[in-house]
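Following: one structure in structure tokens, then a few remarks.
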There are 2 protein chains.
Amino acid sequence: MADIESATAQNLLKAFMQFRKTGWHEKKIGGYNPSEFKVLAAIQQGANEKNEEMKVSEISQRLQVTPPTVTQIINILEKDGLVERAVDPEDRRSVKIKLTQAGMEATARAKNRFTENFTGLIDYLGEEESEQLADLLDKVHHYFNEQSR
Amino acid sequence: MADIESATAQNLLKAFMQFRKTGWHEKKIGGYNPSEFKVLAAIQQGANEKNEEMKVSEISQRLQVTPPTVTQIINILEKDGLVERAVDPEDRRSVKIKLTQAGMEATARAKNRFTENFTGLIDYLGEEESEQLADLLDKVHHYFNEQSR
DNA sequence: CCTAATAGTTAGGTAACTTAATTATTTACA
DNA sequence: TGTAAATAATTAAGTTACCTAACTATTAGG
């Protein structure tokens with residue numbers, strides 16, 4: 001059993017705490033809150049992948065947040081004219097979310113801004129270490145998922 | 001320049017997002033909110049290291065949050081009888097925070113609970129990969145700190 | 001000695017969530 | 001076929017973990 005007082009444990013814990021605060025998850029991304037940006041990006045990606053509009057439940061699943069959370073963020077984006085709701089004629093309980101023209105432009109801009117930072121990180125770490133990091137974080141996620149079952 | 005659409009970028013981004021949600025940062029740690037637990041642990045550690053009580057400003061620095069945040073958490077802990085305030089006679093502007101007996105016991109219990117999980121992770125990853133992960137996260141932190149200057 | 005700096009607190013706000021309850025609608029089956 | 005159960009989204013209200021700005025008390029510096 002590893003010892004929490006060991007240098008390794010201390011280092012890893014400190015690294016975790018630092019990382020939470022760290023700026024990859026900025027205050028504003030191209031003018032939008034991170035949560036808004038994530039929803040915009042999810043809508044865009046979903047539309048890209050399936051060539052179809054995203055339902056609230058799909059966004060919720062993709063971002064791993066509850067449906068009310070998505071509803072609220074969509075409300076803001078709709079008020080800002082970035083997004084439109086349309087009842088799905090196939091299943092009138094569902095609501096399809098679509099980016100407006102302004103929304104597509106805003107998303108592209110924000111994504112660009114985000115991309116600069118993020119690809120900069122990968123260049124800084126190097127391809128190999130970036131992959132390593134992704135793998136290790138996956139393992140951590142896997143460990144805690146097991147744990148909670 | 002790395003490409004945001006590359007597999008590496010996608011993987012790393014996904015890993016980051018997953019990690020944020022991941023349960024190392026649990027909802028409750030031995031019955032306390034993470035923020036409360038962190039303050040308790042900081043007080044304990046500070047007292048351990050310097051054999052002296054922590055000032056609000058020191059806790060604030062250590063946890064990288066503003067003094068009002070610390071004040072508020074201390075208020076809760078004080079109400080719960082885990083912590084006591086005492087004006088520093090050397091500098092009557094300062095307030096020294098001390099764990100009560102109940103506070104020491106609660107902190108020990110919570111820390112134990114936390115430790116189980118965390119050392120389990122290190123065992124799961126192995127010593128070497130744990131160090132690697134800590135290093136990589138440090139690099140990420142370093143990169144974003146540069147960026148924001 | 002008095003102005004400026006420092007330590008902490010108070011007041012008020014925000015972002016990003018959550019759960020529980022409610023409203024439409026659709027599905028299943030008796 | 002009619003109704004009960006399930007599903008999709010929303011509304012309402014609450015929580016956590018922060019923050020900034022303004023205030024109070026105390027100490028330090030010229």
Side-chain angles (χ1 to χ4, degrees), chain A residues 16-23 25-29 31-43 46 53-80 83-98, chain B residues 17-18 20-23 25-29 31-43 46 53-80 83-98:
Chain A
F16 275 16
M17 298 202 347
Q18 263 182 348
F19 183 69
R20 290 204 99 235
K21 305 249 160 205
T22 254
H25 198 259
E26 298 159 285
K27 269 245 158 64
K28 293 277 173 177
I29 299 167
Y32 303 100
N33 291 335
S35 67
E36 289 160 12
F37 173 65
K38 280 179 208 159
V39 169
L40 287 172
I43 297 167
E53 284 131 40
M54 292 282 273
K55 295 193 285 181
V56 169
S57 50
E58 290 169 334
I59 299 170
S60 148
Q61 269 200 304
R62 185 174 293 231
L63 300 182
Q64 294 283 298
V65 296
T66 58
T69 300
V70 175
T71 293
Q72 287 162 199
I73 297 170
I74 297 286
N75 285 345
I76 297 168
L77 298 176
E78 198 182 30
K79 211 165 291 170
D80 290 354
V83 126
E84 272 169 6
R85 270 186 244 245
V87 171
D88 181 357
E90 235 99 289
D91 180 346
R92 304 175 28 70
R93 292 169 302 180
S94 299
V95 174
K96 300 248 182 175
I97 311 295
K98 179 170 71 170
Chain B
M17 297 201 348
Q18 261 182 350
R20 291 204 97 235
K21 306 251 158 203
T22 254
H25 198 259
E26 300 161 283
K27 269 246 159 61
K28 292 277 175 178
I29 300 166
Y32 303 99
N33 291 337
S35 69
E36 289 160 10
F37 173 66
K38 279 179 209 158
V39 169
L40 286 172
I43 297 168
E53 283 132 39
M54 292 282 272
K55 294 193 287 181
V56 170
S57 50
E58 290 170 333
I59 299 170
S60 148
Q61 270 200 303
R62 186 175 293 232
L63 300 182
Q64 294 283 299
V65 297
T66 57
T69 299
V70 176
T71 291
Q72 286 162 200
I73 297 171
I74 296 286
N75 286 343
I76 297 168
L77 298 176
E78 199 182 27
K79 213 164 289 170
D80 290 355
V83 125
E84 271 169 6
R85 270 186 242 246
V87 171
D88 181 357
E90 234 101 288
D91 180 344
R92 304 174 28 69
R93 290 170 302 182
S94 299
V95 173
K96 301 250 183 170
I97 312 295
K98 181 171 70 169

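Just so we're on the same page: letters track the sequence lines, and every chain starts at 1. Here the structure is a predicted model, which means the values were calculated and not measured.
- Atom-to-atom, CD of B:Glu26 to P of D:dA17 comes out at 13 Å; the value is rounded to the nearest Å.
- Around NZ of B:Lys38, the count of heavy atoms belonging to other residues, nucleotides or ligands within 6.0 Å exceeds 12.
- Along DNA chain C, the stretch of nucleotides lying under 4.0 Å from any heavy atom of chain A spans, 5' to 3', C:dA15 to C:dT26.
- Residue B:Tyr32 contributes atom OH, which lies 14 Å from atom P of D:dT16 at whole-angstrom precision.
- From B:Glu78, atom CD reaches atom CD1 of B:Ile76 across 11.5 Å, with rounding to the nearest 0.5 Å.
- Side-chain nitrogen and oxygen atoms of B:Thr69 include none within less than 4.0 Å of the OP1 or OP2 phosphate oxygen of D:dA17.
- Nucleotides of DNA chain C nearest to A:Gln64 and A:Pro89 differ in position, and the one nearer the 5' end is that of A:Gln64.
- Put simply, CG on B:Leu63 is 11 Å from P on D:dC19, counting in whole angstrom units.
- The shortest distance between side-chain heavy atoms of A:Arg85 and A:Ile97 falls below 4.5 Å.
- With sequence neighbours excluded, the residues that form a ring pair (Phe, Tyr, Trp, His ring centres under 6.0 Å) with B:Phe37 are B:Phe114.
- The OG1 atom of B:Thr69 sits 12.0 Å away from atom CD1 of B:Ile59, with the distance rounded to the nearest 0.5 Å.
- Note that CG of B:Leu40 and CD1 of B:Ile29 are 10.0 Å apart. Values are rounded to the nearest 0.5 Å.
- Within 4.0 Å of B:Lys21, counting heavy atoms only, lie sugar-phosphate atoms of the nucleic acid but no base atom.
- Within the 4.5 Å cutoff, side-chain heavy atoms of A:Ile74 are placed close to those of A:Ile43.
- Side-chain atoms of B:Asp88 come within 3.5 Å of backbone N or O of B:Glu90 as a donor-acceptor pair.
- Note: CD1 (B:Ile73) to C1' (D:dC19) measures 12 Å, nearest angstrom.
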> Can you give one letter per nucleotide of nucleotides 4-14 of chain D, going 5' to 3': B for a protein heavy atom under 4.0 Å from the base, S for sugar-phosphate only, - for none?
Replying inline: --BBSSBB-B-
